[in-house]
There are 2 protein chains.
Amino acid sequence: MPKLFLVTRSEENYIKTIFHLGGSSSTLIATNAIAEQMETKPSSVTDMAKKLADKGIVYYKKYQGVCLTDIGVKKALSIIRKHRLWEVFLVEKLDFTWDEVHEVAEQLEHIKSEKLIDRIDALLEFPKYDPHGDPIPGKDGTFLKQDKQLLSEVPLNKVAVCVGVKDTSPTFLKFLDKNKIALGDTIEVLEKEEFDHSLLIKLANHELSISHQIASNLYVKINY
Amino acid sequence: MPKLFLVTRSEENYIKTIFHLGGSSSTLIATNAIAEQMETKPSSVTDMAKKLADKGIVYYKKYQGVCLTDIGVKKALSIIRKHRLWEVFLVEKLDFTWDEVHEVAEQLEHIKSEKLIDRIDALLEFPKYDPHGDPIPGKDGTFLKQDKQLLSEVPLNKVAVCVGVKDTSPTFLKFLDKNKIALGDTIEVLEKEEFDHSLLIKLANHELSISHQIASNLYVKINY
DNA sequence: ACTAATTTTTAGATTTGTCTAAATTTTAAT
DNA sequence: ATTAAAATTTAGACAAATCTAAAAATTAGT
C-alpha cells in the first residue's frame with residue numbers, strides 16, 4: 001500500500017497546474033511551461049517533478065516533461081472540485097463577485113476535510129458548474145467535459161448563451177461587468193468585421209462591438 | 001511604518017497559543033509551557049520567540065518567557081475571531097457536531113481574507129459565542145470576558161446554565177453527549193460528596209453523579 | 001548559601017521548497 | 001551534419017521551521 005496520503009500545499013499547486021496545462025491523458029508538459037504558469041523557475045519544477053514521480057503522482061521523463069498518473073489525475077480533480085465548490089459558495093452564499101472569488105478559493109481549496117467539502121456541496125445543492133461556467137468534478141472523480149466554444153468561433157446570426165470565460169483576470173471580468181455581459185446572457189452574432197475580426201453582437205437590451213481578443217476569451221453554448 | 005503584515009501560519013499558531021496561556025496583559029509565559037501545549041521542543045519555541053520579538057509581536061525576556069505586545073494581542077484576537085466564527089458556521093450551517101469542529105477550524109482560521117470572515121460573520125447574523133460557549137472577539141478587537149465559572153465551583157442548590165467546556169477533547173465532548181449534557185442546559189447542584197468531591201446534579205429530566213474531574217471541565221453561568 | 005535539579009538557550013544538523021549559475025541535453029538552422 | 005540557440009538538469013546555496021545534544025542560567029532543597 002503506497003502512502004500517497006501526505007500531499008503538501010506546494011505539491012497540490014503543481015498537480016493542479018499540470019492538469020490545467022493538459023497533463024492528464026499522457027501528454028507530457030514541459031518544465032518551462034509549468035514554471036511560467038506558476039511564476040517560478042524551471043529548476044524548481046524539476047525538483048518537484050522528481051518528488052512527485054517518487055510518490056507516484058506524475059510520470060516524469062527527463063528532458064521531456066511530466067504528466068499525471070491515474071492517481072495524479074484523481075488528486076487534481078479533487079483539488080479542482082474543492083476550488084470550484086468554494087467559488088460557488090462565495091458567490092451564492094457570501095455575495096462575492098466573479099472577479100473576487102479566485103484568490104480566496106486558491107486558499108480554501110487546500111483545506112483538508114472530506115466531510116467539509118461534501119457538506120458545502122450539499123448546502124449548495126450539488127451544483128454542476130462554477131461561477132465561471134466551468135464544470136465541477138464529481139466526488140467519484142467524474143468530470144463533465146463541457147460542449148462550450150469560444151464566442152469568436154460562433155457563426156453569424158447564431159444565438160448562444162454565455163457560459164464562461166477563458167481569461168479569468170480581474171481586468172477582463174470587470175470589463176464584462178461594465179458592458180453588462182453576465183453568465184447566462186443570450187448573445188447573437190450580428191456582424192463579423194473582416195478587417196480586424198471584431199464582432200457586433202446583440203445582447204438582451206443593447207448592441208455592442210467587441211474586439212477579437214474579447215470574443216476569443218468568452219465561452220458560449222449554442223442553443224439547439 | 002513597521003511591516004507587520006507578513007505573519008506565517010506557524011507564527012499565527014504560536015501567537016494563538018501564547019494568548020491562550022494567558023500571555024496578554026504582560027504575564028510572561030514560559031518557553032516550556034508553550035512547547036508542551038504545542039507538542040514541540042523548547043528550543044523551537046526560543047527560536048520563534050526571537051523572531052516574533054523582532055517583528056514586534058511579542059516581548060521576549062531571556063530565560064523568563066514571552067508575552068504579547070499590543071500588536072500581538074490584536075493579531076491573536078483576529079485569529080481567535082476567525083476560529084470561533086468558523087466553528088459556528090460548521091455547526092449552524094453544515095451540521096457538524098461539537099467535537100468535530102475544532103480540527104477543521106484550526107485550518108480555516110488561517111485563511112487570509114478580511115472580506116471572507118466579515119461575510120461569514122454576517123451570514124451567521126453576528127454571533128456572540130461559539131459552539132463551546134466561548135465569546136467571539138469583535139472585528140474592532142473588543143473581547144467580552146465571560147462571567148462563567150467552573151461547575152465544580154458552584155455552591156450547593158444553585159441553578160446554573162451550561163455555557164461551555166474547558167477540556168475540548170472529543171473524549172470529553174462525547175461523554176457529555178452520552179449523558180445528555182448540552183450547551184444551554186440548566187444544571188442544579190444537589191449534593192457535594194466530601195470524600196472525592198464528586199457532585200450530584202439535576203438536569204432537565206434526570207439526576208446524575210459526576211466526578212470532580214468532569215465538574216472542573218464544565219463552564220456554567222449562574223442565573224440571577 | 002551552596003549544590004542539585006530544572007529550565008532555557010546555543011550551536012549545529014535536517015527537511016522542504018526555493019534560487020542562481022554552470023553543465024548538459026534537445027531542438028532548430030543553415 | 002554541424003553548430004548555434006533554447007530548454008532542462010545538476011550542483012551548491014539559502015531561508016524557514018524544526019530537531020538533538022551540549023552549555024548556560026535559573027530555581028529549589030537542605
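Note that the coordinates shown come from a computational prediction; the quantities given were computed from them, not determined experimentally. The basis for the numbers below is simple: all heavy atoms, side chains too, and nothing from hydrogens, waters or symmetry mates.
For the pair Ile34(B) CD1 and dT18(D) P, the interatomic distance rounds to 13 Å; values are reported in whole Å. As a whole-Å value, the separation of Ile29(B) CD1 from dT8(C) P is 11 Å. Atom-to-atom, NZ of Lys41(A) to C1' of dA15(D) comes out at 17 Å; the value is rounded to the nearest Å. Separating the CE atom of Met48(A) from the C1' atom of dT18(C) is a distance of 9 Å, rounded to the nearest angstrom. Per the geometry, CG belonging to Asp47(B) stands 10 Å off P belonging to dT9(C), to the nearest Å. Atom CE in Met38(A) sits roughly 7 Å away from atom P in dT18(C) (whole-Å rounding). Straight-line distance from the NZ atom of Lys61(A) to the P atom of dT9(D): 12 Å, rounded to whole Å. Between the CD atom of Glu36(B) and the P atom of dT6(C) there is a distance of 15 Å, given to the nearest Å.
Relative orientation of the Phe172(A) and Phe175(A) rings is parallel, given thresholds of 30° and 60° on the angle between their planes.
OP1 or OP2 of dT10(D) sits under 4.0 Å from a side-chain N or O of Lys50(A). For Ser43(A) and dT9(D), the shortest distance from a side-chain N or O to OP1 or OP2 is not below 4.0 Å. Contact annotation: Tyr60(B) does not reach the phosphate of dT8(C) (side-chain N/O to OP1 or OP2, under 4.0 Å). Close to dA6(D), at under 4.0 Å from its OP1 or OP2, lies no side-chain N or O of Asn32(A). Of the side-chain N and O atoms in Lys62(A), none sit less than 4.0 angstrom from OP1 or OP2 of dT24(C).
Between Lys61(B) and Cys67(B), every side-chain heavy-atom pair lies at or beyond the 4.5 Å cut-off. Between Val154(B) and Leu199(B) the shortest side-chain heavy-atom distance does not fall below 4.5 Å. Contact of the Glu11(B) side chain with the Lys55(B) side chain is registered, since non-hydrogen atoms from C-beta on lie closer than 4.5 Å.
Residues from residues 9-21 of chain B placing a heavy atom under 4.0 Å of any atom in DNA chain D, listed by number, are Ser10(B), Tyr14(B).
For the salt bridge (Lys or Arg N to Asp or Glu O under 4.0 Å) criterion with Arg81(B), the lone passing option out of Asp118(B), Asp130(B), Asp134(B) is Asp118(B).
Each of Tyr63(A) and Thr46(B) has a nearest nucleotide on DNA chain C; the 5'-most of these lies closest to Thr46(B).
The OG1 atom of Thr17(B) sits 11.5 Å away from the CD atom of Glu12(B) when rounded to the nearest 0.5 Å.
Checking dT8(C), dT8(D), dT18(C) against the side-chain heavy atoms of Ala30(B) singles out dT8(C) as nearest.
Salt bridge absent: Lys115(B) and Glu103(A) never bring a charged side-chain N and a carboxylate O closer than 4.0 Å.
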